[in-house]
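Notes for the one structure printed next.
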Protein chains: 2
Amino acid sequence: MSIREVAARAGVSTATVSRVFSRPEAVAADTRHRVMTAAEELQYSPHPAASSLAGGRTGNLGIVVPDIANSFSAVVIKAVDRQARREGYALFVAGSEEVVHDEEASARALVQQVDGLLLVSPRMPDDALLALAGATPVVVLNRLLDGIPAVLTNLYEATRHAVEHLHALGHRTVVYLAGPDGYPNDVRLRGFRDACGRLGMEGSEIGPFAARFQAGVRAADLVLATSATAVVAYNDDIGVGVINRLADRGVHVPADISVVGFDDTQLAEVVTPRLTTVRIPAADAGTAAIEMLLDLVRGRDVTVRSPRQVSAELVVRSSTGPVRAVASAAGQDPAP
Amino acid sequence: MSIREVAARAGVSTATVSRVFSRPEAVAADTRHRVMTAAEELQYSPHPAASSLAGGRTGNLGIVVPDIANSFSAVVIKAVDRQARREGYALFVAGSEEVVHDEEASARALVQQVDGLLLVSPRMPDDALLALAGATPVVVLNRLLDGIPAVLTNLYEATRHAVEHLHALGHRTVVYLAGPDGYPNDVRLRGFRDACGRLGMEGSEIGPFAARFQAGVRAADLVLATSATAVVAYNDDIGVGVINRLADRGVHVPADISVVGFDDTQLAEVVTPRLTTVRIPAADAGTAAIEMLLDLVRGRDVTVRSPRQVSAELVVRSSTGPVRAVASAAGQDPAP
DNA sequence: TAACAGAGTGCAAGCGTTTACACGATCAGT
DNA sequence: ACTGATCGTGTAAACGCTTGCACTCTGTTA
């Protein structure tokens, strides 16, 4: 089951067999057929480790994400896996569980056995990132660093839209529930602050929280301790956690408090009330990233291209509504 | 940055350097230190492809799942990834998107570059599975096949409990919404049928459906076309889809129809009404599977052990309730 | 003191490919 | 008929590591 036995059976040299598998068009048609039948009869297929060693290409790609079980990551992975397989690559996956050290270690471990690496919302220091990018083609999703090809979302704008939406509903005091430190949180936060500033709203922040349901549950009580009438949560999981806890405490959404999330997870469509959220097209982002990576791997584009944008947008549902008329003259509630 | 340069710098042979990295205890302490400092100064680390080729071990594990973005799969992957990294293995992930051919192809592609393979709910034919298992250590999750180490859930019993629960609530006509063909669906179905038979209930089946929210939405209308008062859905996604659509059609859960799901996804706790569901401890299952696999890989246990069980259990929430008293004598509703 | 065990190290033969280079054959252009 | 491309194939040297075997030392044991 090595190349030699195929070569012997087909009456050719190992070089020819090798070429049949790597550059078939460089081999005469009849020779090629002879080799291929021999290979099939022997159930031969090239040994990946040997190919990598000799050829320098591994045929593998790698992706490292903050949390595999997180819906956003999972969808990205799925899209990437799909595309990778279609292009004949196998995919390594590693989750950093949000700890920088593991993230770096995973990436470094992978770098030797992949042809390219995709980093999702990486939190490692700039120089670590650059070092990786020096060792293998790297594309990042959700992070901006000079010299590294990136896929970004227009989350800054989308966050502003979310805040404007709340403003339009009459909210004037609003709180942002921060997620784990890093680019994705930063850009939301900037968008939030800038929008609040521009619109003259009173915006405050609590956190950081883990990007999970339970963290949202916990956050809800902190929110109630403020005078905010609306909350912008780092992601849907947190947002839904907030909604749940608010319900337990008898606070109505959106009548008493409005909630908006991020990601447009399946969750968002399914909770009661349905969650207003900023949709981030995870699958598109994943696909865009893997495409850039493949271009890079194949050396198609040595110049580092400008970051590619996928566009997030606010999806308005039922978890946001007009602020309760506290001492307002403009009461417009119909009598029951 | 090859072993030779490290050897030269440390004044030893390449064999010694190799041993320092593979069996450090076989090298004298001072030599080891010399080698390690040399390696660090040179930023050396062994080339995986070369090690695999020469040593026959890859240091990689692989997992193939039906759908990466599905919450159950994602949690399994997360648990497996965690454990694998902890043990020094890198992890390949492949999603079959529920198509048998892709599943087989992925598994076969991986088999050459891993030391062991974990298949989650595989649907490939028995002989394909056995062929794989002949080529590399294989553990399956959610499938039973003689000679292949497996991790199973006591889903048969748990399904029975679900049906008994419905029976106790007075339901007599119940429908099962099937998921994709395969072991996981089979065992639910058997449990369902047997329980219905035993309890004298009228049980029917519709499907198969894709294991997704939208499929559940679609299924809901089919359910309403029957006279069933309760539905057992293949998983939470479908169950939640059903609930959603029923709500849209003005049918109340659980007042008019009861719904139970499987998996105890985050979704289940968050929808309104909260979903009664059979909890399958995905993380435990993943961990158990990877542990078996590692034992196998390390040759600790050549005898194929009996399938390991992780235990599913019914979690009763608000989506199941007493059947509506149609023409029953035992009305017990308090007047409003 | 001889014999021997064990620890530590080096030598060198692989592991299964890829690919630069060389070679012969075929073919077009002159 | 001669030159030079072009095509198809073979030869053989890597690629970077592991490991069986042999060797040299130190101790131990008798």
Side-chain angles (χ1 to χ4, degrees), chain A residues 1-36 38-39 42-60 88 90 109 111-115 135-136 297-299, chain B residues 1-36 38-39 42-60 88 90 109 111-115 135-136 297-299:
Chain A
M1 22 115 144
S2 103
I3 207 176
R4 258 184 290 270
E5 321 180 25
V6 179
R9 175 177 265 253
V12 299
S13 76
T14 62
T16 299
V17 177
S18 173
R19 283 191 272 256
V20 166
F21 283 90
S22 48
R23 291 194 308 124
E25 74 285 358
V27 175
D30 56 338
T31 319
R32 195 192 317 149
H33 287 131
R34 227 163 351 116
V35 169
M36 299 213 313
L42 263 39
Q43 306 227 62
Y44 166 83
S45 80
H47 190 307
S51 312
S52 321
L53 185 55
R57 270 167 276 95
T58 65
N60 299 326
V111 86
Q112 300 190 84
Q113 34 190 347
V114 299
D115 295 337
T136 197
V297 166
R298 292 166 176 162
Chain B
M1 20 117 147
S2 103
I3 207 177
R4 255 185 292 269
E5 320 178 27
V6 179
R9 175 177 266 253
V12 298
S13 76
T14 62
T16 300
V17 177
S18 173
R19 282 191 273 258
V20 166
F21 283 91
S22 48
R23 291 193 311 124
E25 74 284 358
V27 174
D30 55 338
T31 319
R32 196 192 318 149
H33 286 131
R34 230 168 344 120
V35 169
M36 299 212 315
L42 263 39
Q43 305 227 64
Y44 166 82
S45 80
H47 190 307
S51 314
S52 320
L53 185 56
R57 270 167 277 95
T58 65
N60 300 326
V111 85
Q112 298 191 85
Q113 34 189 349
V114 300
D115 296 336
T136 196
V297 166
R298 291 165 175 162

Report task. State the CZ-CG distance between B:R298 and B:D115, to the nearest 0.5 angstrom. Result ->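 Those atoms lie 10.0 Å apart.
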Query raised in the report: For the atom pair CD (A:Q43) and CE (A:M1), what is the distance rounded to the nearest 0.5 Å?
Result: 10.5 Å
Query raised in the report: Taking atom C1' of C:dA7 as reference, at what distance in whole Å does atom CD of B:E25 sit?
Result: 13 Å
Query raised in the report: Taking 5' to 3' order, which nucleotide of DNA chain D is first and which is last to have an atom within less than 4.0 Å of a heavy atom in chain A?
Result: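 The contacted stretch runs from D:dG8 to D:dG16.
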**Report entry** nucleotides 16-27 of chain C: protein proximity per nucleotide (B base, S sugar-phosphate only, - neither; heavy atom, under 4.0 Å)
**Finding:** BBBB--------
Is there a side-chain contact between [X] and [Y], using heavy atoms and a 4.5 Å cut-off?
X: B:V35; Y: B:V12; answer: yes
X: A:T58; Y: B:Q113; answer: no
X: B:T16; Y: B:T31; answer: yes

Query raised in the report: Residues two or more places apart in sequence or in another chain: which of them pass side-chain hydrogen bond (donor to acceptor under 3.5 Å, both in side chains) with B:S18?
Result: none
Requested in this report: Search all heavy atoms of A:P24 against all heavy atoms of A:R32 and return the closest pair with its distance.
Outcome: O-NE, 3.3 Å
Query raised in the report: For the residue pair B:T14 and B:R4, what are the closest heavy atoms and their distance?
Result: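 What the structure gives for the nearest pair is CG2-CG, 3.7 Å.
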